[in-house]
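Dropping the structure in here first, questions after.
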Amino acid sequence: MPSVSPRADLESLPKYVPGRTIEGAIKLASNEVPGGALPSVARAIAEAAAGINRYPDTGSQALRERLARELDVPVDRVAIGCGSVSLCQQTIQAVCAPGDEVIFGWRSFEAYPIVTQVANAVSVKVPITEGQELDLDAMAAAITGRTRVVFVCNPNNPTGTAIRRAELERFLDAVPERVLVVLDEAYKEFVTDPEVPDGVEYTRTRPNVMVLRTFSKAYGLAGLRVGYAIAPEPIADAIRQVYVAFSVNMLAQVAALASLDAADELLERCKEIVAERGRVRDALIAAGYQVPETQANFVWLPLGEQAVPFAEHALDRKLVVRPFAGDGVRVTIGTREENDLFLSAARDFSR
């Protein structure tokens, strides 16, 4: 008698590789902010912990209403998820039938092909340019009658490069309205270039654009997993339909609200990270590395086949960075002291 078995295609499912955590080493692999949650946020979490015997609000209504006010959008267009990566999967589940196509740049956020296959859709990877940027013209050309979703990671993870307004608007004009364009803006708070647009503005005027954001990065809540989407109302409704009940826990909701209360303080901290980002990139370029301009809280070293040896070299110096074999290495901006240790290791690497 045959035994119960999982889906056969899961054997080919790409594996998500998180940044490693090694005791005693400095972790610059996961794009976490070095400061953690602010004291006011930590207090709110501690106070809310007294009520963890109760289920959370599965609709995250208070957070949805607050975000709607902050962003000046209708609350019915706001959806909350267990981090923006869960919202990626919910979006595909809500929009795609089996066999429909999902387009994204490559290399881009490594969860895209995973969540696409889990939802029985088909990944269409479009190579990035030699300048390590998303190739929007090629992505538009890749659209077929089966395409339902296009992910545009802006700034792009792991390269840090960003799409400017004119290029993005030309792309949006070229995309049929039946195709949903998802602007993944997980690193929006670190953007300083005024030509990199705020995706929420396009959700007001274009019926096929949605935006994803997260509290994991700038807000320092990576361990609590809460993100949000601003989407056309029918899509937001569908995303909520496929939501796993209670997956955004009570502490995450409380922490997100408290973080919004402390937004000015948090964004000042982002400015410090941005200043370090510029210093680190300048030092790497001076050391002979090619480092594309970044608008995120990390730098990208397109080292090709030297990516893994570089990461091993850094690990020998108790620094954990994130290699992507054959492509490059992503290095999170840490504290000044951590960054100095990384720069010293980079200068010592023999290429």
Side-chain angles (χ1 to χ4, degrees), residues 31 33 63-81 83-85 87-88 91 104-105 108-109 133-134 136 139 149-157 159-175 177 179-221 226-233 235-236 239 256-257 259-271 273-274 277 293-298:
N31 300 341
V33 293
L63 182 56
R64 288 178 61 219
E65 291 175 355
R66 175 66 180 272
L67 287 167
R69 291 195 300 272
E70 294 275 344
L71 299 171
D72 191 25
V73 296
V75 68
D76 288 342
R77 299 180 64 189
V78 181
I80 308 298
S84 57
V85 64
L87 287 162
C88 289
T91 299
F104 45 84
S108 192
F109 183 33
E133 298 177 327
L134 296 178
L136 293 189
M139 291 171 71
V149 176
V150 180
F151 283 108
V152 178
C153 192
N154 199 31
N156 187 45
N157 176 17
T159 64
T161 52
I163 301 297
R164 272 65 182 181
R165 180 172 285 101
E167 184 182 2
L168 180 58
E169 290 179 358
R170 185 171 66 250
F171 170 75
L172 294 175
D173 288 342
V175 176
E177 285 194 2
V179 175
L180 180 67
V181 178
V182 181
L183 302 178
D184 188 346
E185 297 184 340
Y187 300 93
K188 176 67 174 68
E189 293 83 359
F190 301 104
V191 172
T192 55
D193 185 340
E195 285 303 306
V196 178
D198 181 333
V200 174
E201 294 305 313
Y202 296 116
T203 69
R204 306 184 201 284
T205 58
R206 295 178 182 265
N208 64 329
V209 174
M210 67 175 277
V211 168
L212 293 177
R213 291 188 183 162
T214 182
F215 286 90
S216 293
K217 308 305 181 187
Y219 291 92
L221 300 181
V226 56
Y228 61 94
I230 309 299
E233 189 173 333
I235 302 300
I239 289 171
L257 288 165
S259 294
L260 291 171
D261 290 337
D264 290 344
E265 190 176 353
L266 282 161
L267 295 180
E268 280 299 315
R269 187 168 64 179
C270 289
K271 291 180 182 179
I273 293 172
V274 165
R277 176 182 78 190
E293 182 183 354
T294 173
Q295 290 290 309
N297 70 327
F298 54 84

The side-chain hydrogen bond (donor to acceptor under 3.5 Å, both in side chains) partners of Y187 (sequence neighbours excluded) come to N31
About how many Å separate CD1 of I163 and CG of L136, when rounded to the nearest 0.5 Å?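 Answer for the CG-CD1 pair, L136 versus I163, is 4.0 Å.
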Does the side chain of V149 come within less than 4.5 Å of F104's, by heavy atoms?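 Of all side-chain heavy-atom pairs linking V149 with F104, none is under 4.5 Å.
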Step by step, work out the side chain to side chain contact (heavy atoms under 4.5 Å, CB included) result for V181 and F171. CA-CA 10 Å; V181 178; F171 170 75; 4.1 Å; yes
Search all heavy atoms of I239 against all heavy atoms of A79 and return the closest pair with its distance. CG2-CB, 4.0 Å
SG/C270 to NZ/K188 distance, rounded to the nearest 0.5 angstrom?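 Reported value, rounded in 0.5 Å steps: 10.5 Å.
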Do you know the tightest heavy-atom contact between M210 and P232? CB-CD, 4.1 Å
Pairs satisfying side-chain hydrogen bond (donor to acceptor under 3.5 Å, both in side chains), at least one member in residues 68-77, at least two apart: R66-E70
Taking only residues two or more places apart in sequence, or in another chain, which ones meet Y202 in a ring-ring contact (aromatic ring centres under 6.0 Å, His included)? none
Can you check side chain to side chain contact (heavy atoms under 4.5 Å, CB included) on T192 and Q295, steps first, answer last? CA-CA 7 Å; T192 55; Q295 290 290 309; 3.5 Å; yes
Check this for me: does any side-chain nitrogen of one of D173 and R206 sit under 4.0 Å from a carboxylate oxygen of the other?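 A salt bridge links D173 with R206.
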Can you tell if the side chain of L267 reaches within under 4.5 Å of the side chain of E189, non-hydrogen atoms only? yes
Sequence neighbours excluded, which residues qualify as side-chain hydrogen bond (donor to acceptor under 3.5 Å, both in side chains) partners of E201?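 So E201 forms a side-chain hydrogen bond (donor to acceptor under 3.5 Å, both in side chains) with R204.
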Only counting residues at least two apart or in another chain, list the ones meeting side-chain hydrogen bond (donor to acceptor under 3.5 Å, both in side chains) with S108.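 Per chain and number, S108 pairs via side-chain hydrogen bond (donor to acceptor under 3.5 Å, both in side chains) with N156.
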Minimum heavy-atom distance between L134 and M139, given as atom pair plus value: CB-SD, 4.4 Å
Quick one: CG on D261 to CG on L266, what's the gap to the nearest 0.5 Å?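 It is 10.5 Å, given to the nearest 0.5 Å.
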Stepwise side chain to side chain contact (heavy atoms under 4.5 Å, CB included) test for V85 and F109: CA-CA 9 Å; V85 64; F109 183 33; 4.0 Å; yes
Do the non-hydrogen side-chain atoms of V191 and P155 ever get within less than 4.5 Å of each other?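 In short, these two side chains touch, coming nearer than 4.5 Å.
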What's the spacing between L183 CG and L172 CG if we round to 0.5 Å?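 Rounded to the nearest 0.5 Å, the CG-CG separation comes to 6.5 Å.
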Could you go through V78 and I230, starting from their C-alpha distance and side-chain angles, then the distance that decides it, and tell me whether this counts as side chain to side chain contact (heavy atoms under 4.5 Å, CB included)? CA-CA 5 Å; V78 181; I230 309 299; 3.8 Å; yes
From I235 CD1 over to T203 OG1, what is the distance, rounded to the nearest 0.5 angstrom?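 Reported value, rounded in 0.5 Å steps: 13.0 Å.
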When every non-hydrogen atom of C88 is compared with those of D184, the smallest separation belongs to SG-OD2, 4.3 Å
If you compare all heavy atoms of Y228 against all heavy atoms of L67, which two are closest, and at what distance to 0.1 Å?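 Closest approach of Y228 to L67: CG-CD1, 3.6 Å.
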Quick one: pull up CG in D198 and CG in N154 and give me the separation to the nearest 0.5 Å.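 D198 CG to N154 CG: 11.0 Å, rounded to 0.5 Å.
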Work out which heavy atom in L221 is nearest to a heavy atom in A256; give both atom names and the distance. CD1-N, 3.9 Å
Do any N or O atoms from the side chain of R64 and from the backbone of V75 form a donor-acceptor pair under 3.5 angstrom?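 Yes, because the side chain of R64 sits within donor-acceptor range (under 3.5 Å) of the backbone of V75.
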Does some side-chain heavy atom of L63 sit less than 4.5 Å from a side-chain heavy atom of L260?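 Yes, close enough: below the 4.5 Å cut-off.
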Set of ring-ring contact (aromatic ring centres under 6.0 Å, His included) partners for F190, sequence neighbours left out: none
